[in-house]
Protein chains: 2
Amino acid sequence: MEEESLADQLAIGLLGGTGPQGRGLALRLALAGHRVLLGSRDPEKAAGVVAELLEGRDLPVEGVGNPDAAAGADVVFLVFPYAGQADVLPGLAGLIGDKVVVDVINPLGWDHQGPYMLEVPEGSAAEQAAALLPRARVVAAFHHAAPRLLADPEREVETDVLVASDDQGAKGLVLELADQIPGCRGVDAGPLRMARQLEGFTAVIVGINRRYKIHAGLRISRLGDDKRRRLNAELGPAGDREDGP
Amino acid sequence: MEEESLADQLAIGLLGGTGPQGRGLALRLALAGHRVLLGSRDPEKAAGVVAELLEGRDLPVEGVGNPDAAAGADVVFLVFPYAGQADVLPGLAGLIGDKVVVDVINPLGWDHQGPYMLEVPEGSAAEQAAALLPRARVVAAFHHAAPRLLADPEREVETDVLVASDDQGAKGLVLELADQIPGCRGVDAGPLRMARQLEGFTAVIVGINRRYKIHAGLRISRLGDDKRRRLNAELGPAGDREDGP
């Protein structure tokens with residue numbers, strides 16, 4: 001993958017991809033030209049979800065088991081519920097190896113006051129993934145993209161995608177992936193430890209959605225697009241090659 | 001205050017108001033028609049800052065000691081550094097009483113990786129303030145308004161002001177105050193426990209500012225203004241009277 005640029009098609013594996021976030025990302029990433037392996041514990045369920053998702057559209061999305069999605073992918077997305085992450089990842093660590101891993105998981109609870117962020121011993125779901133996948137290049141991103149909007153290709157997603165990672169090349173690649181979804185803009189949100197703030201902010205957005213009955217996203221204001229693209233391009237995938245091992 | 005509406009002028013006390021955030025808020029709240037008591041431990045310093053801030057403009061801003069700002073205000077803003085809050089508030093609790101208190105404090109640290117949120121035993125600076133001021137109606141807000149923009153009345157501040165509180169009337173009032181600053185929009189961000197997410201998100205914004213060399217704010221996308229105003233108006237100050245004691 002080190003030699004490819006994002007002009008090329010990537011194979012993207014979505015682990016636990018049968019939920020709303022997984023379906024929406026599968027559709028958008030396939031529309032952006034990538035080949036998607038939508039994974040589930042149950043490969044038959046994954047195949048059924050893909051058939052439903054495509055509605056006869058001719059897009060390169062395939063429903064497979066999670067191990068096949070992990071093994072066949074250039075970039076792995078984690079989109080299962082937080083409760084499953086610590087159980088599922090250790091068994092897939094060997095297949096994931098040193099790939100780029102995009103953790104989209106929001107560790108949220110819900111009580112009479114609404115949504116809130118769960119306590120995660122490692123600080124965030126993404127930092128937990130990094131602990132469980134010590135060789136992987138972990139990136140936290142896509143927390144604030146509304147599943148309902150992702151799933152409807154007629155609509156723009158209208159959110160900035162805040163991307164946090166300690167791996168500059170992996171971050172650069174995910175910033176570019178974000179830019180390939182109409183209405184999304186990739187924004188460098190800093191080191192992986194900022195994942196805690198990104199995941200927790202989803203509780204704010206979910207509460208706003210309920211209160212105002214919308215599918216909100218968030219925009220960083222005063223961030224001009226030319227400057228954004230120029231500074232993001234310094235990270236990767238060019239940065240990948242410069243800073244990589 | 002219960003009988004006033006925001007059409008009326010409020011007396012607003014800014015405790016620890018001599019820093020950039022305090023100066024900026026003093027200017028904008030005075031321009032919105034309120035009377036501002038800019039407080040400091042050192043009343044002479046406060047008076048000097050006010051003279052500098054006004055640059056000869058005829059605005060109702062007065063530099064005073066923190067106790068006078070607390071005693072004379074209808075609404076009290078906390079704008080001192082986080083490190084000072086636990087020392088300063090207990091001595092002012094009697095003067096603050098059951099007033100609306102707007103905590104703007106961001107408990108941030110900075111190391112080689114950039115800004116990060118400090119651990120606060122109570123969860124957030126605003127929840128710490130609520131613990132130290134048990135009678136006050138504590139609201140967390142204005143964390144993401146760039147001081148540089150607040151301080152320049154020629155520019156719009158261009159941020160949504162996310163407002164969290166367990167007191168619906170106090171929240172409604174602060175949402176209206178936010179709407180009175182050009183470029184700001186008040187958005188109900190839920191109960192006071194969300195303050196942790198609002199304060200922590202400032203670390204994301206500060207990092208983005210440094211990385212992209214901007215004065216960023218944040219916008220909740222897909223939140224239409226008519227709906228926002230209508231739903232905010234249900235909270236207060238009308239809501240103040242309906243839900244109040």
Side-chain angles (χ1 to χ4, degrees), chain A residues 111-117 119 123 144 146 148-149 155-160 162 164 166 183-185 187-224 227-228 230-232 234-235, chain B residues 111-117 119 123 144 146 148-149 155-160 162 164 166 183-185 187-224 227-228 230-232 234-235:
Chain A
D111 64 13
H112 67 287
Q113 286 199 285
Y116 64 96
M117 184 172 178
E119 287 295 332
H144 311 126
R148 187 78 67 92
L149 300 181
R155 294 162 92 176
E156 295 223 333
V157 181
E158 288 186 63
T159 195
D160 286 356
L162 302 182
D166 295 335
C184 290
R185 304 195 311 168
V187 175
D188 181 356
L192 192 64
R193 69 179 180 189
M194 302 311 285
R196 184 175 180 171
Q197 308 308 337
L198 304 189
E199 296 171 10
F201 201 78
T202 306
V204 177
I205 301 235
V206 168
I208 285 172
N209 285 347
R210 186 177 63 155
R211 221 163 289 119
Y212 292 100
K213 298 181 176 59
I214 57 175
H215 301 289
L218 79 84
R219 290 282 189 213
I220 299 301
S221 58
R222 303 182 58 84
L223 176 54
K227 183 182 249 188
R228 186 184 65 83
R230 179 163 39 82
L231 290 171
N232 286 357
E234 291 176 11
L235 289 171
Chain B
D111 64 15
H112 66 286
Q113 285 199 286
Y116 64 94
M117 185 173 177
E119 288 294 332
H144 312 126
R148 186 78 67 93
L149 300 181
R155 294 163 91 177
E156 295 223 334
V157 181
E158 288 187 60
T159 195
D160 286 356
L162 301 182
D166 295 334
C184 290
R185 306 194 311 166
V187 175
D188 180 357
L192 191 64
R193 69 179 180 188
M194 302 310 286
R196 184 174 179 172
Q197 309 307 337
L198 305 188
E199 296 170 11
F201 201 78
T202 307
V204 177
I205 302 234
V206 168
I208 286 171
N209 286 347
R210 186 177 62 156
R211 221 163 287 121
Y212 293 99
K213 297 183 177 57
I214 57 175
H215 301 289
L218 78 84
R219 290 280 188 213
I220 299 300
S221 57
R222 303 181 59 83
L223 177 53
K227 182 183 249 187
R228 185 185 65 82
R230 179 163 39 83
L231 290 170
N232 285 359
E234 290 175 10
L235 289 171

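Just so we're on the same page: letters track the sequence lines, and every chain starts at 1. Scope of the values below: all heavy atoms of this structure, side chains included, with no hydrogens, waters or symmetry mates.
When side chains are defined from C-beta on, A/D188 does not count as touching A/L231, because their heavy atoms never get closer than 4.5 Å. Between B/L218 and A/S221 there is no side-chain heavy-atom pair separated by less than 4.5 Å. Two residues are said to be in side-chain contact when any heavy atoms from C-beta on lie closer than 4.5 Å; B/M117 and B/R196 meet this criterion. Residues B/L162 and B/Q197 have side chains not in contact (no heavy-atom distance under 4.5 Å, counting atoms from C-beta outward). Put simply, the side chain of B/V204 does not reach to within 4.5 Å of the side chain of A/I220, judged on heavy atoms.
Between chain A and the residues B/R230, B/R210, B/R228, B/H144, the most heavy-atom pairs under 4.5 angstrom are made by B/R228. Contact count against chain B (heavy-atom pairs under 4.5 Å) is highest for A/G190 among A/G207, A/G190, A/G224. Top candidate by heavy-atom pairs under 4.5 Å with chain B, chosen from A/R211, A/M194, A/E158, is A/R211. In terms of non-hydrogen atom pairs under 4.5 Å with chain A, the most contact-rich of B/L198, B/D160, B/L149 is B/L149. Of the listed residues A/A164, A/A146, A/G200, A/P191, the one with more heavy-atom pairs under 4.5 angstrom with chain B than any other is A/G200.
Proximity to chain B (any heavy atom under 4.5 Å) is shown, for A/N209, by neither the backbone nor the side chain. At a 4.5 Å heavy-atom cutoff, the contact between A/E119 and chain B is made by side-chain atoms alone. When heavy atoms are compared at a cutoff of 4.5 Å, B/D166 approaches chain A solely by way of its side chain, counted from C-beta outward. With a 4.5 angstrom heavy-atom cutoff, A/R193 touches chain B only via side-chain atoms.
The minimum heavy-atom distance between B/A216 and B/I208, with the atom names listed, is CB-CG2, 4.3 Å. Minimum heavy-atom separation, B/N232 to A/Y212: OD1-OH, 2.5 Å.
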